[in-house]
There are 2 protein chains.
Amino acid sequence: MSRPVILTGDRTTGPLHIGHYAGSLKNRLALQDSHRQFLLLADTQALTDNADDIGKVRRNVLEVAFDYLAVGIDPAKTTICLQSHLPALAELSMLYLNFVTVARLERNPTIKDEIRARGFGRDIPAGFLCYPAAQAADITAFKATVVPVGEDQAPLIEQCNEIVRRINASAGREVLPEAQALIPEAGRLPGIDGRAKMSKSGGNAIALSAGPDEIRAAVRAMFTDPDHLRIEDPGRIEGNVVFTYLDAFDPDREEVARLKDHYRRGGLGDSVVKRRLEEILQELLAPIRTRRADYAADPGEVLRIVAEGTGAARDLTDATKQEVMEALGLFRL
Amino acid sequence: MSRPVILTGDRTTGPLHIGHYAGSLKNRLALQDSHRQFLLLADTQALTDNADDIGKVRRNVLEVAFDYLAVGIDPAKTTICLQSHLPALAELSMLYLNFVTVARLERNPTIKDEIRARGFGRDIPAGFLCYPAAQAADITAFKATVVPVGEDQAPLIEQCNEIVRRINASAGREVLPEAQALIPEAGRLPGIDGRAKMSKSGGNAIALSAGPDEIRAAVRAMFTDPDHLRIEDPGRIEGNVVFTYLDAFDPDREEVARLKDHYRRGGLGDSVVKRRLEEILQELLAPIRTRRADYAADPGEVLRIVAEGTGAARDLTDATKQEVMEALGLFRL
């Protein structure tokens with residue numbers, strides 16, 4: 001049996017941070033042994049809401065690739081490829097747009113939420129409205145059957161499968177497999193300030209490249225329980241970012257449970273818990289930072305890895321595109 | 001000075017008819033000497049409202065190519081190419097969708113009219129809504145500056161130029177030229193039944209491949225002046241299809257003017273005018289039919305012409321795509 005194919009990736013809009021590590025990168029390290037894994041450096045998808053800052057999208061292609069390699073993504077096991085250099089993705093996107101209605105795209109809960117969050121209103125770029133079809137193209141071009149997504153992105157996989165069923169029905173046979181959403185157990189990590197979304201632009205992230213001082217400062221500034229004023233007072237765990245991070249990064253579950261108990265009862269100061277978290281993050285990030293610096297010092301080698309992965313992905317996605325066009329009965333030259 | 005580039009073509013949804021001849025093919029014969037002309041066999045555009053009948057789109061690729069060659073399109077002067085085999089068109093389409101809003105696409109008068117005419121309502125395929133961006137990709141990929149369109153299609157060229165200006169502004173230099181609509185003097189030829197649109201599916205067309213009996217029957221059935229009951233009665237020219245066709249096809253303008261006068265005064269029977277029109281159409285179509293049959297008997301040769309044209313167009317459009325992506329500042333591998 002060949003390994004199941006997994007497609008995932010990141011928009012190249014900024015270097016990755018520990019939220020990415022906890023939410024996806026860590027899983028990918030495990031999945032690259034059990035799955036045929038493709039990581040998409042999604043620069044063209046990033047354009048759907050960054051057409052006014054293409055420089056940012058370009059600059060972060062290598063940054064994200066450095067992050068991948070630094071955390072231990074192994075190019076011998078995982079194919080890292082650049083979306084803008086895979087023409088079949090655009091060709092399949094344009095094809096799929098004929099198999100989905102505007103009304104259906106507008107009903108997509110993920111799109112609805114994101115349109116609201118970005119304040120697009122009617123001035124939504126057409127590319128943004130169409131991105132579920134583009135994402136279906138990404139997934140199916142690799143014939144991925146497993147797609148790790150956040151809970152809020154699950155409707156996109158349903159949308160993809162609707163398109164797959166329409167294509168298969170039109171072709172009269174199963175050209176494309178349906179995909180399954182793989183929703184990580186760990187929810188999304190909040191920012192150090194307690195806001196739901198950790199992001200570089202929000203100034204509340206710890207980058208994978210963060211230096212020791214940055215890490216220390218970030219942990220010190222971290223949001224805990226604002227009502228926990230004296231050490232002897234009982235403290236709250238819920239919404240306390242330090243404990244949320246310990247849950248995500250501390251391998252010693254029992255010790256974390258014990259600390260939570262103590263904190264709740266009172267008598268455990270924030271500084272003690274923060275010291276523990278800082279130690280864990282320093283230990284986690286030190287080797288990543290070192291490897292990242294090594295790769296950043298040799299961008300030619302990283303370029304070679306991305307070019308090689310993109311070449312392999314190009315062959316694969318071109319073949320799928322060809323197969324879909326023939327199965328649908330388009331003219332073959 | 002290099003010759004100006006002209007891009008035009010036809011959706012491959014049916015063989016061409018004399019309406020196409022009068023409205024576009026005749027002009028293209030002249031333009032292929034003065035311009036660098038590209039003819040697009042627009043099979044992927046045809047999918048935007050024919051995804052439920054891809055067989056029709058496929059079968060008509062060669063039919064349209066036969067028609068082109070039969071009327072005298074010369075592959076040494078005009079490049080005939082197949083849209084679905086030009087990946088750069090899809091890549092540029094996806095790129096341009098980020099430079100146009102959904103609201104702008106919906107405001108496009110051509111799209112508005114066609115949505116109404118096709119009864120799509122909210123169930124409009126997304127590909128159909130997006131086709132102005134796809135058309136902009138077609139035009140700009142060839143760097144065409146002249147685009148022959150019907151009057152009703154002129155807003156599409158304006159839409160294309162808006163995208164061009166946004167791309168050029170984003171790139172900080174003129175990567176792409178703006179295009180001009182070339183609106184033919186002759187309006188659209190009505191069907192033989194007097195309805196505004198001649199179409200094969202409407203059963204009111206004379207195909208370029210029509211045989212002598214078909215031509216005769218079509219002219220006999222042609223709509224004239226329903227109130228012109230007796231030969232001696234005055235007749236009406238306006239809306240009289242036979243005279244509209246004489247205006248389009250009879251090279252002897254003076255004789256047509258004389259016949260119109262006579263018909264208006266009374267004393268000229270429909271059958272006389274129809275006989276003249278039939279003769280002209282038989283003479284026009286006989287050599288086209290013969291050449292068409294020759295090409296249809298040698299589809300391998302036509303395939304070779306289309307493949308060669310598509311190969312040349314692929315090089316050209318890939319180069320433009322590359323240039324646009326670099327000018328916009330996307331990552332270059």
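Per chain, numbering begins at 1; letters A, B, ... match sequence-line order.
By number of non-hydrogen pairs under 4.5 angstrom with chain A, the leading residue of B:Ala307, B:Ala126, B:Gly127 is B:Ala126. Between chain B and the residues A:Ala134, A:Ala90, A:Ala88, the largest count of heavy-atom pairs under 4.5 Å involves A:Ala90. Of the listed residues (A:Leu82, A:Thr310, A:Val57, A:Leu105), the one with the most heavy-atom contacts under 4.5 Å to chain B is A:Leu82. Ranked by heavy-atom pairs shorter than 4.5 Å toward chain A, the options B:Thr12, B:Leu303, B:Thr48, B:Asn60 are led by B:Thr48.
In this structure the side chain of A:Asn98 never reaches within 4.5 angstrom of the side chain of B:Tyr131, judged on heavy atoms. Side-chain contact between A:Phe331 and B:Leu62: present, with at least one pair of heavy atoms (C-beta onward) separated by less than 4.5 Å. Using a 4.5 Å heavy-atom cutoff, the side chains of A:Leu97 and B:Phe128 are not in contact. Looking at heavy atoms from C-beta onward, A:Leu330 lies in side-chain contact with B:Asp43 at the 4.5 angstrom threshold.
Heavy atoms closer than 4.5 Å to chain B are found in both the backbone and the side chain of A:Leu47. Proximity to chain B (any heavy atom under 4.5 Å) is restricted, for A:Leu129, to the side chain, taken from C-beta onward. Looking at A:Arg332, the atoms closer than 4.5 Å to chain B (heavy atoms on both sides) all sit in the backbone: N, CA, C or O. For chain B, the nearby part of A:Ser170 is the side chain; its heavy atoms alone come within less than 4.5 Å. Neither the backbone nor the side chain of A:Leu41 comes within contact range of chain B; no heavy atom of the residue lies under 4.5 Å from a heavy atom of that chain.
Nearest approach of B:Ala103 to A:Asp123, heavy atoms of both residues: CB-OD1, 4.3 Å. The shortest non-hydrogen separation linking B:Glu91 to A:Ser84 is OE1-O, 4.0 Å.
The number of heavy-atom neighbours closer than 6.0 Å to CD of A:Glu301, taken from other residues, nucleotides and ligands shown, is above 12.
Taking CZ of A:Arg58 as the start and CD of B:Glu326 as the end, the distance is 11.0 Å to the nearest 0.5 Å.
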